[in-house]
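The block underneath contains the structure these notes are about, expressed in structure tokens.
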Amino acid sequence: MAGPQAQPVGHSVNPPYRFETTATAAECHNHHGDIESGTETGQTVSVAGRIMLRRVQGRLAFATLQDATGRIQLFAPGKITPDYDEFCALSLGDWVGVSGEVMKTRAGELSVKVERWDLLAEARRSFPDKWHGLSDPDIRFRQRYVDLWVTEEARQTFRLRSEMMSLTRRWLENRDFVEVETPVFHPVPGGALARPFSTHHNALDMDLFLRIAPELYLKRLVVGGLERVYEIARVFRNEGISTRHNPEFTMLELYWAYADYGDIMELVEEMVAHLALELKGTTLIRYGGRDLDLTPPWPRARFVDLLAEHSGLEVDLDTPVAELRSHCVDREIPVEDRWGPGKLLLELYEKTTEAELWGPVFVCDYPKEVSPLAREHRDHPGWVERFEAIVAGRELANAFSELTDPDEQRARFEDQAANRDAGDAEAMAVDWDYLRALEFGLPPTGGLGVGMDRLAMLLADVPSIRDVILFPTLRPEPPERQVD
RNA sequence: GCCCCUCUAGCUCAAUUUGGCAGAGCAACGGACUCUUAAUCCGCAGGUUCUGGGUUCAAGUCCCAGGGGGGGUACCA
């Protein structure tokens with residue numbers, strides 16, 4: 001496994017089992033950053049990390065140590081540092097633990113004087129160029145362990161993602177939402193329109209699917225009396241990969257009893273604004289060089305109105321299907337015979353309107369035909385109370401006033417099952433147990449799904465979902481590359 | 001799935017418009033140097049140019065097939 005680059009370093013081959021640190025690089029700077037050049041603090045610390053740079057000048061050596069919090073210089077005079085020659089022989093990337101006095105060099109660089117040191121691990125493979133770092137995206141994704149050391153932006157992005165998750169949980173807990181964990185293995189894939197991954201349980205001799213959404217389980221929990229419930233769920237969809245899609249991704253779903261989709265809109269805009277304030281200090285952010293104002297309230301617009309505005313088409317659910325179909329054909333949108341007016345309207349919207357939106361905007365009220373889990377609109381028959389939040393030109397959240405009536409839900413499922421039989425691989429199957437749960441009574445409920453990876457992209461201002469997923473899905477490396 | 005781009009030393013990159021001995025910086029290795037900041041200086045070594053075919057006196061370069069990656073598009077809440 002060592003590979004052709006492996007070189008014995010010539011000292012300790014048996015690193016200690018533990019090393020006690022008393023300070024981080026950041027703490028050194030915070031506590032002692034303002035001392036005079038050429039002075040010593042009289043305070044001894046133990047720090048640990050990787051050697052990122054090294055400057056040996058005869059009987060005096062300098063090195064730059066990087067830990068999780070930042071960088072601190074090591075100051076190693078030959079008269080003081082034990083095993084001085086071996087210290088000078090450290091490779092870039094080696095892990096060391098160092099103890100010594102905090103001081104500042106004549107040139108004004110805060111440093112730890114190397115009075116004791118231990119080699120904690122060797123870097124037997126060469127680290128990337130100390131100045132240019134890594135630019136090959138293949139290596140950055142496959143060898144994230146290297147990327148994180150050499151690419152400061154990568155460290156910042158993943159730290160931001162972690163803080164975003166933590167802030168989200170706290171924000172929801174403060175509103176009495178309860179976090180739960182529901183099954184990843186689903187006997188019936190449901191809760192979204194998507195192709196699932198399938199697997200098999202040997203002992204039960206049962207086919208199972210990796211979840212495409214936690215929705216139906218979370219609503220079962222509302223039936224069970226968890227009136228405010230959420231899950232930060234890894235979900236799996238057997239679909240394409242792009243800058244906005246990874247086969248496994250993280251979705252926040254929440255369900256709020258006694259609320260409707262209007263309440264959910266307020267929740268979304270407040271939560272996103274809160275995260276922006278905490279992480280960026282402002283709700284006026286930039287994404288991809290464009291301004292984006294996340295300050296609540298966000299504009300609300302109806303689906304049909306936006307469609308009319310961007311396509312120039314005055315169409316609705318009562319427009320004859322033949323006419324809708326010809327509008328699609330005019331725009332080179334492929335259509336299928338079984339599609340009703342709702343699906344045709346959705347296709348027209350996605351091809352003419354969605355790409356034009358920058359947002360933030362709540363696009364409200366979708367066709368019932370394409371929303372099998374949402375409740376019919378109180379004022380507009382044939383439509384449902386559903387919205388998508390479009391932010392920075394992409395869908396960030398999807399929500400609705402939940403369908404609670406078991407008979408209506410059964411009819412919607414059967415409609416989906418018919419589509420499935422007709423060859424629609426993304427259509428839902430009938431989930432009998434979910435219907436049974438609804439028959440025990442689901443109160444009026446508002447539900448929400450948020451793509452957390454996309455939210456992290458937005459707040460970190462990065463262009464690809466791979467930039468916010470530590471180990472994005474990639475093809476396996478070809479065998480000839482696995483040797484080295 | 002389709003289209004375009006890309007792949008050269010551990011890393012970052014060169015290699016005349018129009019084929020002509022595969023190079024540099026950093027890292028590594030050897031040496032000099034007691035205040036450096038990508039330290040500097042001297043020396044040394046480092047290659048299946050992604051893989052396999054083909055054209056040619058000659059291929060990193062041109063052609064064909066395959067592989068990895070990126071982008072777009074399609075699919076996709």
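What's counted below: heavy atoms across the whole structure, side chains too, no hydrogens, waters or symmetry copies. By convention in this document, chain letters (A, B, ...) are assigned in the order of the sequence lines, proteins followed by strands, and residues within each chain are numbered from 1.
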Please examine the side chains of A:Met165 and A:Thr250, heavy atoms only from C-beta on, and report whether any two atoms are closer than 4.5 Å.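 The answer is yes; the side chains approach within 4.5 Å.
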Within a strict 4.5 Å, meaning less than it, do heavy atoms of the A:His380 and A:Arg302 side chains meet? yes
Where the side chain of [X] is defined as all heavy atoms beyond and including C-beta, which of [options] is the nearest nucleotide?
{"X": "A:Ser464", "options": "B:G71, B:U36, B:U12", "value": "B:G71"}
{"X": "A:His245", "options": "B:C33, B:G25, B:C76", "value": "B:C76"}
{"X": "A:Leu60", "options": "B:A27, B:C35, B:G68", "value": "B:C35"}
{"X": "A:Leu474", "options": "B:U37, B:U12, B:G70", "value": "B:G70"}
{"X": "A:Leu53", "options": "B:A39, B:C26, B:U36", "value": "B:A39"}
{"X": "A:Glu109", "options": "B:C76, B:C11, B:U36", "value": "B:U36"}
{"X": "A:Arg59", "options": "B:U34, B:G10, B:G69", "value": "B:U34"}
{"X": "A:Leu92", "options": "B:U37, B:A28, B:C33", "value": "B:A28"}

Proximity of A:Phe400 and A:Tyr261 rings by center, below 6.0 Å: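 No, ring centres 6.0 Å or more apart.
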Between A:Phe75 and A:Phe62, is the ring centre distance below 6.0 Å?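 A:Phe75 vs A:Phe62: aromatic centres under 6.0 Å.
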Checking side-chain polar atoms at under 3.5 Å, does [X] have a donor or acceptor matched by the opposite partner on [Y]?
{"X": "A:Arg50", "Y": "A:Gln66", "answer": "no"}
{"X": "A:Tyr366", "Y": "A:Asn398", "answer": "no"}
{"X": "A:Ser99", "Y": "A:Glu115", "answer": "no"}

Can you tell me if the side-chain N/O atoms of [X] get under 4.0 Å from OP1 or OP2 in [N]?
{"X": "A:Arg466", "N": "B:G71", "value": "yes"}
{"X": "A:Arg54", "N": "B:A28", "value": "yes"}
{"X": "A:Arg195", "N": "B:C75", "value": "no"}
{"X": "A:Lys130", "N": "B:G10", "value": "no"}
{"X": "A:Arg55", "N": "B:U37", "value": "no"}

What nucleic acid atoms does [X] come within less than 4.0 Å of, heavy atoms only: base, sugar-phosphate, or nothing?
{"X": "A:Phe141", "answer": "sugar-phosphate"}
{"X": "A:Val150", "answer": "nothing"}
{"X": "A:Arg106", "answer": "base"}
{"X": "A:Glu426", "answer": "sugar-phosphate"}
{"X": "A:Gly133", "answer": "sugar-phosphate"}
{"X": "A:Ala194", "answer": "sugar-phosphate"}
{"X": "A:Thr243", "answer": "sugar-phosphate"}

In this structure, how many angstroms lie between the [atom2] atom of [N] and the [atom1] atom of [X], rounded?
{"X": "A:Asp467", "N": "B:G71", "atom1": "CG", "atom2": "C1'", "value": "13 Å"}
{"X": "A:Ile139", "N": "B:C50", "atom1": "CD1", "atom2": "C1'", "value": "13 Å"}
{"X": "A:Phe62", "N": "B:U40", "atom1": "CZ", "atom2": "C1'", "value": "13 Å"}
{"X": "A:Ile333", "N": "B:C76", "atom1": "CD1", "atom2": "P", "value": "12 Å"}
{"X": "A:Glu388", "N": "B:C76", "atom1": "CD", "atom2": "C1'", "value": "12 Å"}
{"X": "A:Arg124", "N": "B:A27", "atom1": "CZ", "atom2": "C1'", "value": "18 Å"}
{"X": "A:Arg144", "N": "B:G69", "atom1": "CZ", "atom2": "C1'", "value": "14 Å"}

Parallel, tilted or perpendicular: which fits the ring planes of [X] and [Y], with parallel below 30° and perpendicular above 60°?
{"X": "A:Trp149", "Y": "A:Trp95", "result": "perpendicular"}
{"X": "A:His186", "Y": "A:Tyr217", "result": "tilted"}
{"X": "A:Tyr349", "Y": "A:Phe303", "result": "tilted"}

Between [N] and [M], how far is it from one [atom1] atom to the other, in whole Å?
{"N": "B:A28", "M": "B:A9", "atom1": "C1'", "answer": "11 Å"}
{"N": "B:A22", "M": "B:U36", "atom1": "C1'", "answer": "36 Å"}
{"N": "B:G19", "M": "B:C76", "atom1": "C1'", "answer": "46 Å"}
{"N": "B:U61", "M": "B:C42", "atom1": "P", "answer": "35 Å"}
{"N": "B:U8", "M": "B:A59", "atom1": "C1'", "answer": "14 Å"}
{"N": "B:U40", "M": "B:G25", "atom1": "C1'", "answer": "15 Å"}
{"N": "B:C7", "M": "B:C13", "atom1": "P", "answer": "11 Å"}
{"N": "B:C63", "M": "B:U16", "atom1": "C1'", "answer": "23 Å"}

Is there a side-chain contact (heavy atoms from CB on, under 4.5 Å) between A:Ile333 and A:Val329? Walk through the geometry before answering. CA-CA 6 Å; A:Ile333 301 169; A:Val329 171; over 6 Å; no
Among residues 346-373 of chain A, which residues get a heavy atom nearer than 4.0 Å to RNA chain B?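 Of all residues in residues 346-373 of chain A, the ones placing a heavy atom under 4.0 Å from RNA chain B are A:Leu346, A:Glu350, A:Lys351, A:Val370.
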Tabulate protein N/O versus nucleotide N/O from nucleotides 13-15 of chain B, keeping only pairs under 3.5 Å, one per line.
residue: B:C13; atom: OP1; partner: A:Ser135; partner atom: OG; Å: 3.4
residue: B:C13; atom: OP2; partner: A:Ser135; partner atom: OG; Å: 3.3

Is it the case that the base of B:U40 and the side chain of A:Gln57 share a donor-acceptor contact (distance under 3.5 Å, atom types as modelled)? no
Using only heavy-atom distances, decide whether a donor-acceptor pair under 3.5 angstrom links the side-chain of A:Asp129 to the base of B:G25. yes
Could A:Arg161 and A:Phe158 be counted as a cation-pi pair, given that NZ or CZ must be under 6.0 Å from the ring centre and within 45° of the axis?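 Not satisfied by the 6.0 Å and 45° rule.
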Can you name the one residue among A:His32, A:Gln73, A:Glu40 that meets side chain to side chain donor-acceptor pair (under 3.5 Å) with A:Ser111? A:Gln73
Pair A:Asp147 + A:Arg144, salt bridge at N-O below 4.0 Å: yes
Return yes when atom CZ of A:Arg59 has more than 12 non-hydrogen atoms of other residues, nucleotides or ligands closer than 6.0 Å, and no otherwise.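 Correct, the count exceeds 12.
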Start with the C-alpha distance between A:Glu253 and A:Glu215, add both sets of side-chain angles, then the distance that settles side-chain contact (heavy atoms from CB on, under 4.5 Å), and finish with yes or no. CA-CA 7 Å; A:Glu253 282 206 12; A:Glu215 171 156 355; 3.3 Å; yes
Between A:His132 and A:Gly240, name the one whose nearest nucleotide on RNA chain B is closer to the 5' end.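 Final value for this comparison: A:His132.
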Return one dot-bracket line describing RNA chain B 5' to 3' (Watson-Crick or G-U wobble pairs, both distances under 3.5 Å; ( ) same strand, [ ] crossing, | another strand, . none). (((((((..((((......[..))))..((((.......))))......(((((..]....))))))))))))....
